[in-house]
Structure formats: C-alpha cells, structure tokens
Amino acid sequence: MYEILPCYGEEDGIYTARTHEVIIEEQYTIWVNGRKILNAMTSPTRLEEFVMGYLVTEGIISHCQEIDSLQIEGNQIRVLTIHRAHIRSGTKTVLSGCGGDSSYLDPARLPDITSDFHISGERIHETIKGILDSDLHRLTGGIHVVGLAGIDGVHTVAEDIGRHNALDRVIGYALQNDIDLSHCYAVISGRISSEMARKCLVANIPLIVSRGATTTLAIRLAQGKGLTIIGFVRGRKMNIYSHPERISGIEVSL
C-alpha cells in the first residue's frame, strides 16, 4: 500500500535528507465484454471487490453472480458478464482526488431506499471511532477510510486514495459475502458528496456517516430518496441532515 521514498524534511529552518512513507497510486483499465469502460486511479489492493462494487453502483450488473469471469493481468482488468451488460457510451476516468468524472445524476432514475434499518446515536459514535482509527492514514496521511457496519458490528473496512473507490470496495465485499446492505451503514472519513449518496442509493445502503462535511446536493438527493446522511460525527456531537427517523430516540416533528 505504500513505498518508502527519499525526501528533504524541514524543521525550524533546518533541512535534512530523510525518507517518508508514500501511498501507492496505480492506474487500472477495466474492460467489460471487450469494451473499455473505466480508467481508474486507485490503490492496488482488493481489486476484485473494487470492480464488483463499481459495476453494481454504475448499474452495469445487479449482483456479482452476473459475472462469468474476472481476470486481472497487470493493470488490465477484464470482466465477462453472463448477460449482455448495459454500458453507457464513452470511457470514464476516476481520479484519485475524487474530483474526476462522475455518473450522470438524474434523481428520477435512482431507486428509493427500501429498509427498516434503525440504529442508536451511541452505536454510531462507537463505530466511527473504530473504523476511522487507521494506522495507514497515520503513517502516510494519504488515504481515505470507508467501513461497512451493521447492528452487530463492523463487516469490513477499506482504505484507498479515493473515498469513492473505497466505498465501491466495501460494497463489493458485501456482494461477495451475501451481506444484506439494506441493514448496513457506511462510515467514511471524507466529505459526503452527491456521488457518494448516489452509490448508497443504488446499493440500497440506508445510512451514510462521516466525521466530515456533506454537500447541499447530497442532502437534497437523500431527502427525496430515503437516505439518512449524518456528518461531523466528532466527540459526542453529530449533525443529522436527512431522514432522522432512523436514529433511535429522535422524535420527528412533521
């Protein structure tokens, strides 16, 4: 996940040669049924989970069982699906800074959340501490962390240079392990953008939580589609921006 590279460090105006741990970034090209669909700048780990999660959140497949084969050769990832996949024209590029190409956001074409999931604020505070306590982040300062949790605890945690990629990884893990995403919530280290909200809607994840901020478009999308967004979970505080009825103890006034 990282390389130790030389650099010059400065402290109180004194410069010395030293080394530092630097997160690895690689480019991968994904092909589906012989057609190039994605150039992704991502961390070189858990690539099968990343691809499966990405294909589901892009609407190319609905479940990993629709994949006939998935081969990784160097930086080329080739997928064959059992049925003809629906692929929009063009090749996307997903950048490591999460500012690359994103899916066309048409709320009318996105599914509503279908879930009776509820959780306490206390459990959210406990879970976010454990998930976001990353040794790799402390070492390199260069990754995002995304976790997938349920009432009984944390299912998996993924680390990546891009938070979108990390979310795809935990979704892919859930698909591979038959985890019911309608009874899970995503915990992320970065900003909750409209693209992160969109991925949760497609995967039917009813709740997304961050220690950081969110955006107005993400909130509007979540309000209309049944997704709960919680931001600034720090210490004993949090902001619940949409569908607070999923949090135990809140009396929602109409």
Side-chain angles (χ1 to χ4, degrees), residues 1-3 21-26 28 40-57 64 72 94 96-98 115 117 119-193 195-200 202-214 227-235 238:
M1 285 287 290
Y2 67 89
E3 294 180 11
E21 296 80 3
V22 179
I23 201 75
I24 296 174
E25 177 181 14
E26 295 280 357
Y28 291 90
M41 314 302 178
T42 186
S43 299
T45 61
R46 299 173 64 173
L47 292 172
E48 285 193 9
E49 293 174 7
F50 164 62
V51 172
M52 289 181 182
Y54 177 82
L55 295 181
V56 167
T57 58
C64 60
I72 302 173
V94 175
S96 56
C98 302
S115 173
F117 181 75
I119 195 169
S120 69
E122 183 68 25
R123 177 58 63 86
I124 290 173
H125 281 295
E126 293 172 357
T127 303
I128 199 168
K129 287 180 182 178
I131 287 177
L132 301 185
D133 185 20
S134 166
D135 291 336
L136 186 61
H137 183 270
R138 281 192 293 270
L139 190 65
T140 67
I143 55 116
H144 281 289
V145 183
V146 174
L148 186 72
I151 291 297
D152 296 329
V154 177
H155 295 298
T156 187
V157 177
E159 297 168 315
D160 195 276
I161 50 179
R163 63 187 185 279
H164 299 130
N165 298 340
L167 180 57
D168 282 334
R169 274 180 172 80
V170 300
I171 291 172
Y173 175 90
L175 295 171
Q176 286 183 320
N177 292 276
D178 294 322
I179 295 171
D180 183 1
L181 287 168
S182 71
H183 286 81
C184 294
Y185 60 106
V187 175
I188 72 172
S189 58
R191 183 181 67 254
I192 301 174
S193 65
E195 178 68 0
M196 297 292 278
R198 186 195 67 80
K199 286 180 179 290
C200 287
V202 175
N204 200 33
I205 298 173
L207 170 63
I208 184 168
V209 179
S210 176
R211 65 182 174 193
T214 185
L227 172 66
T228 302
I229 288 181
I230 302 178
F232 293 109
V233 184
R234 301 173 183 178
M238 67 173 68

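All values reported here derive from a predicted model rather than from experimental measurement. Values below: every heavy atom of this structure, side chains too, minus hydrogens, waters and symmetry copies.
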Visitor: Starting at OG1 of Thr127, measure out to CD1 of Ile151 and round the result to the nearest 0.5 Å.
Guide: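 The OG1 atom of Thr127 sits 9.0 Å away from the CD1 atom of Ile151.
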Visitor: Measuring from atom CG of Leu227 to atom CG of Asn204, what distance do you get when rounded to the nearest 0.5 angstrom?
Guide: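 If we round to the nearest 0.5 Å, Leu227:CG and Asn204:CG are 10.0 Å apart.
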Visitor: Show the nearest heavy-atom pair for residues Val145 and Ile131, with the distance to one decimal.
Guide: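 Closest heavy-atom pair between Val145 and Ile131: CG1-O, 3.4 Å.
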Visitor: Taking atom CD1 of Ile205 and atom CG of Leu207, what is their separation to the nearest 0.5 Å?
Guide: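 Here the interatomic distance stands at 9.5 Å.
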Visitor: Between atom OG of Ser193 and atom CD1 of Ile208, what is the distance when rounded to the nearest 0.5 Å?
Guide: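 Answer for the OG-CD1 pair, Ser193 versus Ile208, is 8.0 Å.
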Visitor: Salt bridge (charged side-chain N to carboxylate O under 4.0 Å, His left out) with Glu122: which residues, sequence neighbours excluded?
Guide: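 In terms of salt bridge (charged side-chain N to carboxylate O under 4.0 Å, His left out), with neighbours along the sequence ignored, Glu122 is linked to Arg236.
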Visitor: Which of these passes side chain to side chain contact (heavy atoms under 4.5 Å, CB included) with Arg211: Ile230, Ile188, Leu132?
Guide: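 Testing each of Ile230, Ile188, Leu132 against Arg211, the sole residue satisfying side chain to side chain contact (heavy atoms under 4.5 Å, CB included) is Leu132.
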Visitor: If the condition is salt bridge (charged side-chain N to carboxylate O under 4.0 Å, His left out), which residues does Arg234 pass it with, not counting sequence neighbours?
Guide: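 None.
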Visitor: Could you tell me whether the side chain of Ile143 reaches within less than 4.5 Å of the side chain of Tyr2, counting heavy atoms only?
Guide: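 Side-chain contact under 4.5 Å: no.
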Visitor: Show me the pairs that pass salt bridge (charged side-chain N to carboxylate O under 4.0 Å, His left out) and involve residues 168-186, at least two apart or across chains.
Guide: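 Pairs touching residues 168-186 that pass the test: Asp160-Arg169, Asp168-Lys199.
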Visitor: If only atom types and distance count, is the side chain of His125 paired as donor or acceptor with the main-chain N or O of Gly235 below 3.5 Å?
Guide: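 Indeed, once roles are kept as given, a pair shorter than 3.5 Å links the two residues.
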Visitor: Less than 4.5 Å apart, any side-chain heavy atom of Ser210 and any of Met196?
Guide: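 No, too far: nothing below the 4.5 Å cut-off.
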Visitor: Hey, can you pull the donor-acceptor pairs under 3.5 Å for the side chains in residues 43-50, sequence neighbours left out?
Guide:
| from | atom 1 | to | atom 2 | distance (Å) |
| --- | --- | --- | --- | --- |
| Ser43 | OG | Ile161 | N | 3.3 |
| Arg46 | NE | Glu49 | OE1 | 2.7 |
| Arg46 | NH1 | Val157 | O | 2.6 |
| Arg46 | NH2 | Glu49 | OE1 | 2.7 |
| Arg46 | NH2 | Thr156 | OG1 | 2.8 |

Visitor: Which residue pairs satisfy the salt bridge (charged side-chain N to carboxylate O under 4.0 Å, His left out) criterion with at least one member in residues 144-159, sequence neighbours excluded?
Guide: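 Every candidate salt bridge (charged side-chain N to carboxylate O under 4.0 Å, His left out) pair involving residues 144-159 fails, so no pair, neighbours aside, qualifies.
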Visitor: Determine the minimum heavy-atom distance between Cys184 and Leu148, stating which atoms define it.
Guide: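 Smallest interatomic distance, heavy atoms only, reads CB-CD1, 3.7 Å.
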Visitor: Between Phe117 and Ser182, which heavy-atom pair has the shortest distance, and what is it?
Guide: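 Minimum heavy-atom contact is CB-O, 3.6 Å.
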Visitor: Calculate, to the nearest 0.5 Å, the distance between atoms OH and OG1 belonging to Tyr185 and Thr228 respectively.
Guide: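 If we round to the nearest 0.5 Å, Tyr185:OH and Thr228:OG1 are 12.5 Å apart.
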Visitor: Among Ile23, Thr140, Ile24, whose side chain to side chain contact (heavy atoms under 4.5 Å, CB included) with Glu3 holds?
Guide: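 When side chain to side chain contact (heavy atoms under 4.5 Å, CB included) is applied between Glu3 and each of Ile23, Thr140, Ile24, only Ile24 qualifies.
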Visitor: Looking at residues at least two apart in the chain, or sitting in another chain, which of them share a salt bridge (charged side-chain N to carboxylate O under 4.0 Å, His left out) with Glu126?
Guide: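 With neighbours one apart ignored, the set is Arg123.
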Visitor: Can you tell me how far OG1 of Thr214 sits from CD1 of Ile229, rounded to the nearest 0.5 angstrom?
Guide: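 These two atoms lie 4.0 Å from each other.
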